[in-house]
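Have a look at the structure below before the remarks.
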Amino acid sequence: MTFKITAKDNDSVARCGIIQTDHGAIETPIFMPVGTVGSVKGIYHKDLKDDIKAQIILGNTYHLYLRPGLEILKQAGGLHKFSSWDKPILTDSGGYQVFSLAENRKLSTDGCTFRSHIDGSKHTFTPENNVDTQRIIGADIIMALDECCPGDADRKYAEKSLKLTQSWLERCVKQFNHTEPLYGYNQSFFPIVQGCIYPDLRREAAEQAASLNRDGYAIGGLSVGESTEMMYEMIEVVHPILPIDKPRYLMGVGTPANILEGIARGIDMFDCVMPTRNGRNGMIFTWEGMINIRNKKWSDDFSLVDQNGTSFVDKQYTKAYLRHLFIAGEMLAAQIASEHNLAFYLEVIRTAREHIMMGDFVKWKNKVVKKLETKI
RNA sequence: GUGGAUGUAGUUCAGCUGGUUAGAGCACCAGAUUGUGGUUCUGGGUGUCGUGGGUUCGAAUCCCAUCAUCCACC
């Protein structure tokens with residue numbers, strides 16, 4: 001994998017670039033739709049490519065490991081072939097899922113033991129077997145196994161947590177260096193910078209990550225309970241430490257406004273469940289703001305879902321109809337909302353790239369952020 | 001026509017022998033959701049207790065009438 005910076009903003013550290021992988025190029029900044037089990041919920045690959053214009057999607061080690069399991073993925077020849085997605089894939093290690101989903105999780109220096117949310121069975125992720133697992137899934141970019149420290153963790157906990165993440169990181173890198181990709185194309189390994197909301201811990205984590213000389217770097221453990229301001233501050237803290245010529249990935253973020261603020265602080269990659277999960281719950285993102293399409297006020301609004309939208313659903317369906325589908329519990333509702341939101345996210349980030357190239361990103365960002373954050 | 005049963009929130013119902021501001025599930029209305037469990041969580045009662053009288057300090061609850069629906073029988 002290579003990364004080439006192609007443009008820089010005039011008034012911020014925002015930049016445009018191209019990540020080249022064996023499954024094709026990715027223009028950055030980029031938003032990566034989340035496809036937990038090898039599927040972006042409710043969306044055909046065809047729409048993901050042609051309508052939404054996704055350039056890379058996420059898969060999840062935790063989920064794929066539990067279902068369909070490594071044996072099937074290996075037989076299938078990896079996730080690309082299994083799911084018939086031929087563009088880049090990034091897999092999250094599952095550190096976050098163990099933190100957010102699994103029952104009875106136990107962390108030790110060796111790894112983390114947890115119970116499956118599906119059948120209660122007991123499993124252990126170690127840095128070594130987690131890298132092996134992501135080799136089997138076969139993503140283009142694989143992530144370090146980490147502990148996602150809660151945003152409100154106290155200093156003592158955060159220190160202990162970071163120590164664990166750092167020791168796991170070293171072992172992940174070692175395992176990655178000692179193993180080969182299984183399916184004939186290259187894989188890159190991204191460390192994850194933790195450190196909770198403590199600047200010195202973040203710096204320490206970023207320094208260790210930078211010293212490993214990888215293809216890209218992730219910032220994790222944000223948007224997990226801390227304030228938005230604190231999140232931006234932590235990005236700024238690690239910014240000068242991470243290698244400037246490598247992509248930075250802010251994990252799990254966020255709203256369109258969060259993403260633009262992240263770009264202004266040098267972030268190149270984002271992923272978030274919000275456009276899809278919140279979409280399934282009736283939240284629609286637009287340039288005018290966020291709307292809850294379930295609200296009664298839309299019941300007789302026969303205007304288009306999004307007048308300025310780029311997706312085919314925006315021009316085909318009305319707000320009143322979409323609300324009706326939600327209230328009636330139709331699965332088409334979730335599909336339309338997801339399709340629209342993802343297309344919108346990709347459009348926002350595409351427009352951001354344009355403004356970086358023109359050099360007026362900050363000015364533009366400051367103008368649109370307020371609107372993006374309003375509720376209508 | 002006769003006999004019986006039932007009428008309480010949008011809906012299905014709970015409210016014992018009379019006792020503060022009539023409750024529950026679902027639905028509905030609103031809010032939350034940030035490295036996805038097709039979720040989950042939080043808040044809101046939206047009611048002339050079929051109607052009209054009566055008994056009582058006090059009635060969804062007891063009595064009378066009436067209306068509606070259902071069942072059985074002629």
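Convention: sequence-line order gives letters A, B, ...; per-chain numbering from 1.
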- prompt: Between A:T126 (side chain) and A:G111 (backbone), is there a donor-acceptor pair under 3.5 Å?
  reply: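 Side chain of A:T126 to backbone of A:G111, a donor-acceptor pair under 3.5 Å: no, none is there.
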field: Backbone N/O of A:S311 and side chain of A:D306: donor-acceptor pair under 3.5 Å
entry: no
List in chain and number order the residues that pass ring pair (Phe, Tyr, Trp, His ring centres under 6.0 Å) with [X], two or more places apart in sequence or in another chain; answer none if no residue qualifies.
X: A:Y321; answer: A:Y317
X: A:F326; answer: none
X: A:F270; answer: none
X: A:F125; answer: A:Y65, A:F114

Proximity to RNA chain B (any heavy atom under 4.0 Å), residues of [range] only:
range: residues 265-278 of chain A; value: A:D271, A:C272, A:V273, A:M274, A:T276, A:R277, A:N278
range: residues 210-237 of chain A; value: A:G221, A:S223
range: residues 238-256 of chain A; value: A:M251, A:G252, A:V253, A:G254, A:T255

If you link ILVMFWY side chains whenever their heavy atoms are less than 4.5 Å apart, which other residues fall into the same cluster as [X]? By chain and number, please.
X: A:L304; value: none
X: A:F302; value: none
X: A:I244; value: none

Does [N] have a Watson-Crick or wobble mate here (both distances under 3.5 Å), and if so which one?
N: B:U48; result: none
N: B:A72; result: B:U2
N: B:C16; result: none
N: B:C62; result: B:G54
N: B:G38; result: none

Could you tell me how far [M] sits from [N] if I compare only their [atom1] atoms? Round to whole Å.
N: B:A14; M: B:C62; atom1: P; result: 15 Å
N: B:G45; M: B:G35; atom1: P; result: 33 Å
N: B:G3; M: B:G44; atom1: P; result: 50 Å
N: B:C29; M: B:A9; atom1: C1'; result: 14 Å
N: B:U11; M: B:G7; atom1: P; result: 15 Å
N: B:C28; M: B:C70; atom1: C1'; result: 29 Å
N: B:G47; M: B:U2; atom1: P; result: 38 Å

Nearest-Å distance for atom pair [atom1]/[atom2], residues [X] and [N]:
X: A:I89; N: B:G35; atom1: CD1; atom2: P; value: 19 Å
X: A:W298; N: B:C29; atom1: CH2; atom2: P; value: 15 Å
X: A:N295; N: B:A30; atom1: CG; atom2: P; value: 4 Å

field: A:E261 with A:K365: basic N within carboxylate O range, under 4.0 Å
entry: yes
message: Does this structure show an ion pair linking A:E207 with A:R203, if we count only N-O contacts that are shorter than 4.0 Å?
response: no
Could you tell me whether [X] contacts a base, only the sugar-phosphate backbone, or nothing, with contacts defined as non-hydrogen atoms closer than 4.0 Å?
X: A:M283; result: nothing
X: A:G42; result: base
X: A:D146; result: base

Which nucleotide sits closest to the side chain of [X]: [options]?
X: A:N258; options: B:U34, B:C29, B:G31; result: B:U34
X: A:R323; options: B:C29, B:G35, B:A32; result: B:C29
X: A:I327; options: B:C29, B:G31, B:U33; result: B:C29
X: A:D92; options: B:G35, B:G38, B:A30; result: B:G35
X: A:H117; options: B:G35, B:G38, B:G37; result: B:G37

- prompt: For A:I284, which of A:I336, A:N278, A:I293 qualifies under side chain to side chain contact (heavy atoms under 4.5 Å, CB included)?
  reply: A:I293
task: Record whether the side chain of A:N292 comes under 3.5 Å of the base of B:G31 through a donor-acceptor pair of N or O atoms.
output: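 Counting by modelled atom types and ignoring angles, no donor-acceptor contact under 3.5 Å is found here.
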- request: Indicate yes or no: at least one non-hydrogen side-chain atom of A:N130 is less than 4.5 angstrom from one of A:Q175.
  value: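 They are not in contact (no side-chain heavy atoms under 4.5 Å apart), so the answer is no.
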query: Can you check whether A:Y185 reaches A:H80 side chain to side chain, under 4.5 Å on heavy atoms?
result: yes
query: Quick one: is the NZ or CZ of A:R350 closer than 6.0 Å to the six-membered ring centre of A:F31, and within 45° of its axis?
result: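 Verdict for A:F31: no cation-pi partner in A:R350.
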Nearest-nucleotide 5' precedence on RNA chain B, A:T36 against A:N281: A:T36
Under 3.5 Å, which N/O atoms of the protein pair with N/O atoms of nucleotides 42-47 of chain B?
none

task: Examine B:A32: is either OP1 or OP2 under 4.0 Å from a nitrogen or oxygen in the side chain of A:K375? Give yes or no.
output: yes
Salt bridge (charged side-chain N to carboxylate O under 4.0 Å, His left out) against A:R214, all qualifying residues, sequence neighbours excluded: none
